[in-house]
Amino acid sequence: MNEWNKTFFKKHKFDALTYDDVTFKTSFSQVLPHQTDISTRLSRNIRLKIPIVSADMDTVTEYRTAIRMAMEGGIGFLWKCPDISLQVDWVDRTKHAMNAKIEKPITINQNQNLGDVNKLIEKYGFTFSSLVVVNDSDNVVGLLTKDKTQFADNLESKVSDFMLKDPKTFQGELDLKGAYDFMKTNQIPKLILVDRSNKLTGMYTWKDVREIVEGITPMYNRDSKGRLIVGANVGVDDMDRVARLLDRECDVLLVGVAHGCHEHVPDTVRRILKEFPKDRYNYDIVAGNVCDSDEAKILCEAGADAIKVGVGPGSICTTRIQTGAGIPQITAIYKSHLGVLAAGKGDIPLIADGGIKYSGDLPKAFIAGASSVMIGSLLAGTEESPGERFTYQGQEYVRYRGMGSEGAMLDSKGSKERYGGRGDAKTSDKTVPEGMEAAVPFVGTLSKPISNLVGGLRQGMGYIGAKTIREMQDRTNFYRVTPAGQKESHPHDVMITKDAINYRR
Ligand code: XMP
């Protein structure tokens, strides 16, 4: 961060500033928006292609949002659903959406029927259309593809009557490039790998292998096995959940509650690291939420790989109103950045969570010290979000609610715990709501708000001549905006005749 910005924050030591309170100057630039590199670090070991993550909320992120977010270059954080199996299932669905090598392909026995096949495919969310067929000794005997089964009119028909018998297999190991060459030469869309006794050891799918090898989908955020990456909120002291999520190779655990510096949070981070050592398990931990340097320092010292910042900035939050606690976001990010420096545990990234209203807030978050932003409301009104869709006065809306709202806390144990309750959703233990139940306009697929946010960010970087997110901190200076300046920033003294795709009245 340059000297100007350090002095700016020193001068505003006792002010709590948020996005609308600041603006930044334009600078000499040799950078056009399309030349910017907006990749960033989510956490100590995980990189993102765009600096945007979706919020772990029950009206924002289940598996559909998680899949699309990873495809767009970000990542989705699955909300802490009380039913652990369901949350684990969302991880599976995200991981099964595409693969380099499928380590444990789903199989069906040749004596089962097409009704069983449908049930199996439904269970995994229709994310694949071919199944390896095995006999009672688990030997590979066929491949069942949609090409054939679509002609069946009886669900009682046996799998063996519709499968491709003795499909081409490869005995032994093949890396990604080897699989690509083998499949291309033999023109097979599925490559089944077997051991010497013809037992299944893995499978490659041409579509996925080709995408990776030919670089067709450069924005997808993939793990080392070519699968989409995903995060999940695990709350505090829930080791059973942690174990099951790590067993399914969830990439990032989020120890996330409203008050991230309650002793349970650093304790949980330490406990996870001890019980699931990083030399045996492959994951990063994000901890939060905090809003000042002392808190960020404590979480860094506990071993967090990223810190989530934000107490009360969210669109549906009433924490500051109901409890008086919290610091507006620009100051909270900067102070947390100081906490990371003070911890001396390396450059641990900050995720600025909540309060993003426009794309112009993204550069401001990064100049203040964040590496990525977490978003709820702007991603909730999409096809992928789990929120209920409804029509009101001719306009389509999607329900969006705070995890500390009365509705969310009554519905879900995890949500109540997050806001300090005992977690027994059936009894009231006087946990006061800290969030609202609301709705946001339906905007179509998630790609739309993402492309608006990314476009605005890139244009902001062009104005200051920054090629990378990090460069922004050095190349521009923050200024404090007065109420008159804020008014000037928005459309004024005209009658707006049409909402813009990225600006509504
Ligand atoms: P946005 O502004 O993107 O904010 O809608 C999403 C973030 O808001 C936080 N959150 C809450 N905060 N009460 C709060 O004080 C709540 O009920 C609540 N629910 C979510 C959360 O950090 C989320 O990512």
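When a ligand or atom number is given, it counts from 1 through the structure's own listing order.
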Among non-hydrogen protein atoms, atom 19 (N) of ligand 1 lies closest to M403 N, 2.8 Å

State whether K308 and D353 are salt-bridged, where the test is any N-O pair (Lys NZ or Arg NE/NH1/NH2 against Asp/Glu carboxylate O) under 4.0 Å. yes

What part of D353 sits under 4.0 Å from ligand 1 if we count only heavy atoms: the side chain, the backbone, both or neither? side chain

Check ligand 1 against S405 and write out every atom of the ligand that is under 4.0 Å from a heavy-atom position of the residue. 17 (O)

For the residue pair K278 and Y283, would you count it as a cation-pi contact if the rule is NZ or CZ under 6.0 angstrom from the ring centre and within 45 degrees of the ring axis? yes

Identify the protein heavy atom lying closest to atom 11 (C) of ligand 1, giving its residue, its atom name and the separation to 0.1 Å. Y419 OH, 3.0 Å

Where on A380 is there a heavy atom closer than 4.0 Å to ligand 1, on the side chain, on the backbone, on both, or on neither? neither

Tell me the contacting part of M57 for ligand 1: side chain, backbone, both, or neither, using a 4.0 Å heavy-atom threshold, strictly below. side chain

By ring-ring contact (aromatic ring centres under 6.0 Å, His included), which residues pair with F390, not counting sequence neighbours? Y397

Answer with yes or no whether the side chains of T217 and R222 bring together a donor and an acceptor at under 3.5 Å. yes

Within 4.0 Å of some non-hydrogen atom of A55, the atoms of ligand 1 are 24 (O)

Could you find the nearest protein heavy atom to atom 17 (O) of ligand 1 and give me its residue, atom name and distance? G404 N, 2.6 Å

Please write down residue, atom name and distance for the protein heavy atom closest to atom 13 (N) of ligand 1. E434 O, 2.6 Å

Using a 4.0 Å cutoff against the non-hydrogen atoms of Y400, which atoms of ligand 1 qualify? 1 (P), 4 (O), 5 (O), 6 (C)

Who pairs with E275 by side-chain hydrogen bond (donor to acceptor under 3.5 Å, both in side chains), at least two apart in sequence or on another chain? R271

Salt bridge check: are D251 and K95 linked by an N-O gap of less than 4.0 Å? yes

Just to be sure I read this right, does ligand 1 sit under 4.0 Å from the backbone of L378, its side chain, both, or neither, counting only heavy atoms? neither

Between I327 and A16 the two heavy atoms that sit nearest each other are CG2-CB, 4.2 Å

Relative to the heavy atoms of I316, which atoms of ligand 1 are at a distance of less than 4.0 Å? 8 (O), 10 (N), 11 (C), 18 (C), 19 (N), 20 (C)

Aromatic ring pairing F9/F478, orientation class (parallel under 30°, perpendicular over 60°, tilted between): perpendicular

Proximal ligand 1 atoms for G376, defined as those under 4.0 Å from one of its heavy atoms: 1 (P), 3 (O), 5 (O), 6 (C)

Proximity flag G310 to ligand 1, non-hydrogen atoms under 4.0 Å: no

Which of the numbered atoms in ligand 1 are below 4.0 angstrom from a heavy atom of G435? 13 (N), 16 (C), 17 (O)

Could you check whether D37 pairs with K467 (Lys NZ or Arg NE/NH1/NH2 to Asp/Glu carboxylate O, under 4.0 Å)? no

